[in-house]
Amino acid sequence: MTKTSMTLLALACSLALSACGGNKSEGGEHAAEAEHASSSAGLPKGNVDAGREFAAKGGNGVASCTSCHGAEGNAPIDGMYPKLGGQYADYIAHSLQAYRSGNRAGATADVMASQAKGLSDQQIADLAAYFASVPSQLHDLQNAN
């Protein structure tokens with residue numbers, strides 16, 4: 001590639017990226033969405049109390065989260081179910097969106113996909129906010145030796 005074509009390619013890439021960015025002062029659509037989003041998942045702001053209630057009771061054909069993940073998401077009924085309490089809200093939101101769309105696979109993917117399919121964006125945001133608010137019982141391998 002010549003120096004001129006490299007410069008033109010770099011300029012085209014810069015313009016393409018700036019077009020996707022949107023800006024509130026420009027009234028861009030992306031700015032309006034970002035203003036109402038609470039996470040990198042692009043969801044509305046979650047409500048901890050609504051999430052707590054939905055996690056405990058479920059609804060609209062969706063089982064309660066606690067029926068598998070246990071109280072506050074920290075007492076799974078089986079070792080194959082992860083602890084959710086104290087997990088990052090964005091992680092839970094992205095995971096539920098991926099289950100809902102069928103893009104997440106794994107040991108419990110079919111079970112979770114059938115549950116997440118019935119969740120709205122607001123319910124996902126509420127569940128993510130709730131589980132993120134619960135004191136964590138998650139452990140990493142720091143100081144494991």
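By convention here, the first residue in the shown sequence is residue 1.
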**Message:** Tell me whether H69 contacts the main-chain N or O of A75 through its side chain, where contact means a donor paired with an acceptor under 3.5 Å.
**Reply:** no
**Message:** Let me check something: do Y81 and M112 share a hydrophobic cluster, defined by ILVMFWY side-chain heavy atoms less than 4.5 Å apart, either directly or through other members?
**Reply:** no
**Prompt:** Do D126 side-chain atoms and N47 backbone N/O form a donor-acceptor pair below 3.5 Å?
**Reply:** yes
**Message:** Test your reading of the model: is there a side-chain donor-acceptor pair from E53 to the backbone of A50, 3.5 Å cut-off?
**Reply:** no
**Prompt:** So with a 6.0 Å cut-off around CG of D78, is the heavy-atom count from everything else above 12?
**Reply:** yes
**Request:** Kindly compute the distance separating CD (Q123) from CG (N60), expressed to the nearest 0.5 Å.
**Result:** 6.5 Å
**Asked** What is the distance from atom CG of L84 to atom SG of C65, rounded to the nearest 0.5 Å?
**Response** 7.0 Å
**Asked** Looking at side-chain heavy atoms only, is the closest gap between Y130 and R52 below 4.5 Å?
**Response** yes
**Request:** With rounding to the nearest 0.5 Å, note down the distance linking OG in S136 to NZ in K83.
**Result:** 8.5 Å
**Prompt:** Do F54 and Y99 belong to the same hydrophobic cluster, where Ile, Leu, Val, Met, Phe, Trp and Tyr are linked whenever their side-chain heavy atoms lie under 4.5 Å apart, directly or via other members?
**Reply:** yes
**Donor-acceptor contact present, side-chain S64 to main-chain S67, <3.5 Å** = yes
**Request:** Kindly give the heavy-atom pair with the smallest separation between A125 and P44, and that separation in Å.
**Result:** CB-O, 3.1 Å
**Asked** Is there a side-chain contact between L96 and L119, using heavy atoms and a 4.5 Å cut-off?
**Response** yes
**Message:** With a 3.5 Å distance limit and no angle check, can you tell me whether T108 reaches the backbone of V111 through a side-chain donor-acceptor pair?
**Reply:** no
**Asked** When you measure from the side chain of Q122 to the backbone N and O of K45, does any donor-acceptor pair fall under 3.5 Å?
**Response** yes
**Message:** I'd like to know if the side chain of R100 and the backbone of A113 have a donor-acceptor N/O pair within less than 3.5 Å.
**Reply:** no
**Asked** Once you round to the nearest 0.5 Å, how far does CG of L43 lie from CD1 of I92?
**Response** 12.0 Å
